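Below: the structure, in C-alpha cells.
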Number of protein chains: 2
Amino acid sequence: MDPLETRELRYFMAVAEELHFGRAAERLGMAQPPLSRAIQQLERRLGVSLLKRNRRGVALTGAGEMLLHEGRAALDAITAAARRTRRAGGADSSGGTRNRMVLAVKAGASHDLLHKLLDAYAAEPDAAEIEVLPSGTCEQGEMLRDGRADVALMHKPFNSLTGFDSEELMTEGQIAILPAGHPLAAHKTLSLADVSDIPDLPLARWSRDGTYPPGPGPEIHDQTQLAQLIALGRTVAVFPDSARAWLWAEHTAVPLTDAPPVVTHIAWPAHSRSLALAGLLRTATRL
Amino acid sequence: MDPLETRELRYFMAVAEELHFGRAAERLGMAQPPLSRAIQQLERRLGVSLLKRNRRGVALTGAGEMLLHEGRAALDAITAAARRTRRAGGADSSGGTRNRMVLAVKAGASHDLLHKLLDAYAAEPDAAEIEVLPSGTCEQGEMLRDGRADVALMHKPFNSLTGFDSEELMTEGQIAILPAGHPLAAHKTLSLADVSDIPDLPLARWSRDGTYPPGPGPEIHDQTQLAQLIALGRTVAVFPDSARAWLWAEHTAVPLTDAPPVVTHIAWPAHSRSLALAGLLRTATRL
DNA sequence: CCCTGTCATACCTGGGGGGTATCACCGCCG
DNA sequence: CGGCGGTGATACCCCCCAGGTATGACAGGG
C-alpha cells in the first residue's frame, strides 16, 4: 500500500545484520520493544514474514534476504541523494555555477593519469571544482553508490563496473616489484608462476574488509607498509605498470608476461546528468 | 545529519514536479500549509535551499534539480525493494523455493526468442515461475528500476542499458513493412532513404510518453493499429526482422540494407543476486 | 485599489513512535 | 527438576510532530 519509510528500512537492516533484536536496538540507539513492534508492523504492511523467530535469535526468510539486498541499495540511494544535494547546494545558490564534484581514486593508483586529467580539466572553461577522494581497497563502487563520490577511476579487473556507466581510459601491463638485490630482479621479464612460488618471498596479502586471505605472506593494508617490506626483502608484490611512479631505490620492477592487463576506466552512476561530469568526461576521453 | 525520510522525498518530488505548492498538496492528498512546512524543514535539514519562491509560483535551484533526479532514483529503489520483497514472500515462506520472477518484454518483440527461452527454462530443474509482463514503448528500464520487473529483454539501440547488467542474446537486421501491393514491395532490398521519403506512405510516428514526434505520418501507439494502417496502404514502418512473426497477408517485408542492426539483450538490475535469475541467464546464453 | 492567487505563519489536535515494566518461553546447568 | 539467564513479545503511558484550519503577507492585474 503506502510506501516503505526509511526508518523502517533502517530498523530492518539493523535486525537483519545483527540477527538479534537487542543488539540491533542498541546499534540504533533505541530500546528493544519499539524495534520489535516496528518490524512486526513492517511485516504486516508488506504482507510477508521477513524473520523466523527461533527462541535462540532470529533468521532471515527468503523475503527477508530480498529486503536486505534491495533495502541496502535503497538506503544507499537515499543517502546518495542527500549527500549530492548538499554538495550541489553548498556553493551555488541558483545558477549552476561552481559545482563541486568528488572523484574517488584508489590511493596511489594511476597517479600520472590522474595528474594529467586534473590539469587538463582545470584548464577547461567553467570547470567545476574537483575534490579528489582517496578510497581504500576497491571501495570506489560503494562510494559512487552512496553519494560520497560522483565519479571514480576504476581498474578492471579489480573493480566491478556493474551498475555504472564508464569509459575506458588506459590499458597497462603488470609488473612484479622485487627487492633490488634479489636474484629474480635481474630477469628481463617474469611470469606469474615465477613470482607466486618464490620460497623466500611470499606474496603479500591485502586486507579486504579487514580480513585477509589465507597464505604465508605478510598482512598489508597500506602501500607504504608494503613498499617497506619489499625494500627489506621480505615480500614481493604484483602491481599495474603505473606503480613505477612510487617505487623506491631499493625496489626493482620486472614486467610480467602473463598477468592480465589492467584497464583503467572513468565510471559514474548510470543516471547522472550533470554538466560538470560531461565536461570531465570530454577531457578524460581526449587525453 | 539524520537521513532523509521517504515522506519528505515524496513531498519534495511532488512540489518539484508541479512547481506549485497548492497543486502538489492536492496531488498528495493533504493541505498546503503542512506541505510548505515540510519542505522548509527539509531545506533546513539539508542546509540547502531547494526552491526559489517567486511570488508567482516556485522554481528549482541547482540543489533542487539534483534532489529531483537523485530523489527519483531513491524512490524507485524503495518501491522496488517493497515490490520485490512482496514477490519473494508471496510463495515461499522459508526455503527459497518457487520464487516468482517477472520478465518485462516489449509487447510483440522477439516473439520466438521469448518462446524458446521460456520453454527451455521451464524444462530446467527447479525453474522459478516466470511471469511475462508486456511493457509499453521502451519502458522496460523503468520497470527494472522500480521493481515491477526483475529481468527484461531489451533492444539496442531502442532501449538504453545504462545502469543494468546484460548479456547479448541475438542480433538481427531490420525490415520495412509495406502494403503488399505497393511498388516498393517488389524490391529485394531497400535503404532507409527509400522508405523515409515515399510520397504516399509517410513513416508512422510512435507515441513516446503520450507525445508524438512531429511529422506527417499517422500517430500510433499500438501494434495492431499500425498493422491495420499498413494493410490499408496508409503508412510504412521499420521493424526488427523478428517482426515477421506477426505480419499479415496484406503485408510485405523488405530487408533494409543500411538500417542499424537490432541487438536483443537480457538485462537485470546490477545488484541482483538470485538463483532464479542465474538459472534464467544460463538458459538464455545457451540458446 | 481591491481582488485574486500565491506561499508563509499561528495555533490546535490526534496518532503513533518511543520509553519502561513486565510477561512468556526456552535452554542450560547445578 | 527448578531456578536462572537471555530471547522476543505485550501492556501501558507519554509526548512529539505530522497534519488540519484559519489567517496573514505580499505581489500582480483589472
Side-chain angles (χ1 to χ4, degrees), chain A residues 1-61 63-64 67-68 71 75 78 93-94, chain B residues 1-61 63-64 67-68 71 75 78 93-94:
Chain A
M1 327 238 180
D2 34 19
L4 244 42
E5 283 300 322
T6 67
R7 181 177 46 82
E8 302 178 288
L9 265 184
R10 265 185 16 242
Y11 289 3
F12 175 75
M13 303 296 288
V15 175
E17 283 171 8
E18 299 281 349
L19 293 178
H20 188 289
F21 278 80
R23 280 194 300 273
E26 189 180 10
R27 199 172 101 183
L28 292 166
M30 65 187 290
Q32 169 260 319
L35 179 57
S36 282
R37 252 190 344 192
I39 300 292
Q40 284 176 309
Q41 280 178 13
L42 178 61
E43 287 180 305
R44 254 201 315 279
R45 178 107 67 90
L46 289 171
V48 156
S49 102
L50 299 168
L51 299 167
K52 276 184 304 193
R53 281 88 161 164
N54 336 353
R55 287 281 159 212
R56 201 119 210 108
V58 286
L60 288 170
T61 65
L67 188 57
L68 180 58
L75 284 181
I78 292 171
S93 68
S94 67
Chain B
M1 327 237 181
D2 35 19
L4 244 42
E5 282 300 322
T6 68
R7 181 178 46 83
E8 302 178 288
L9 264 185
R10 266 185 16 244
Y11 289 2
F12 175 75
M13 303 297 287
V15 176
E17 281 171 10
E18 299 281 349
L19 292 178
H20 188 290
F21 279 80
R23 281 195 299 275
E26 189 181 9
R27 199 173 100 183
L28 292 166
M30 65 187 291
Q32 169 260 320
L35 179 58
S36 281
R37 248 192 348 193
I39 301 292
Q40 285 176 308
Q41 280 178 14
L42 178 62
E43 287 180 306
R44 253 202 316 278
R45 180 106 69 89
L46 289 172
V48 157
S49 103
L50 300 167
L51 299 167
K52 274 183 304 192
R53 282 89 161 163
N54 337 354
R55 290 278 161 214
R56 202 124 210 106
V58 286
L60 288 171
T61 65
L67 188 57
L68 181 59
L75 284 180
I78 291 171
S93 67
S94 66

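Sequence lines set the chain letters: A, B, ... in the order given, protein chains first and strands last, and positions in each chain run from 1. The structure presented is a predicted model; accordingly, all values stated were derived computationally and were not measured.
- Take the nearest nucleotide of DNA chain D for A:Pro34 and for A:Arg23: the residue whose nucleotide is more 5' is A:Arg23.
- With distances taken from any side-chain atom of A:Phe21 to the nucleotides C:dG19, D:dG20, D:dG8, the minimum falls on D:dG8.
- When each of B:Arg37 and B:His20 is assigned the nucleotide of DNA chain C bearing its nearest heavy atom, the one mapping closer to the 5' terminus is B:His20.
- The side chain of B:Gln40 places an N or O atom within less than 4.0 Å of a non-bridging phosphate oxygen (OP1 or OP2) of C:dT9.
- Under 4.0 angstrom from either OP1 or OP2 of D:dA9 there lies at least one side-chain N or O belonging to A:Ser36.
- Spacing between atom CZ of B:Arg10 and atom C1' of D:dA18 amounts to 12 Å, rounded to whole angstrom units.
- Rounded to an integer number of Å, the gap from CD of B:Glu26 to P of D:dG19 is 17 Å.
- Note: CG (A:Leu9) to P (C:dG17) measures 15 Å, nearest angstrom.
- The backbone N or O of B:Pro3 lies less than 3.5 Å from a partner atom in the side chain of B:Arg45, making a donor-acceptor pair.
- Looking at B:Met13 and B:Leu68, their side chains come closer than 4.5 Å, going by heavy atoms from C-beta outward.
- Between the CZ atom of A:Arg53 and the C1' atom of D:dT7 there is a distance of 12 Å, given to the nearest Å.
- An OP1 or OP2 oxygen of C:dG18 is reached within less than 4.0 angstrom by a side-chain nitrogen or oxygen of A:Arg7.
- Side-chain proximity of B:Pro33 to D:dG19, D:dA22, C:dG19: nearest is D:dA22.
- Computed from coordinates, the A:Glu8 CD to C:dG16 P distance equals 12 Å when rounded to whole Å.
- Counting only heavy atoms from C-beta outward, the side chains of A:Leu42 and A:Leu9 never approach each other to under 4.5 Å.
- Using a 4.5 Å heavy-atom threshold, the side chains of A:Phe21 and A:Arg53 count as touching.
- Protein atom CD of B:Glu5 is 16 Å distant from nucleotide atom P of C:dG16, rounded to whole Å.
- The nucleotide whose nearest atom lies closest to any side-chain atom of A:Val58 is, among D:dA18, C:dG19, D:dG8, D:dG8.
- Protein atom CG of B:Leu35 is 11 Å distant from nucleotide atom C1' of D:dG19, rounded to whole Å.
- Rounded to an integer number of Å, the gap from CE of B:Met30 to C1' of C:dC7 is 14 Å.
- Close to D:dA18, at under 4.0 Å from its OP1 or OP2, lies a side-chain N or O of B:Gln41.
- For the pair B:Leu67/B:Leu4, a side-chain contact is recorded, criterion being any heavy-atom separation below 4.5 Å from C-beta on.
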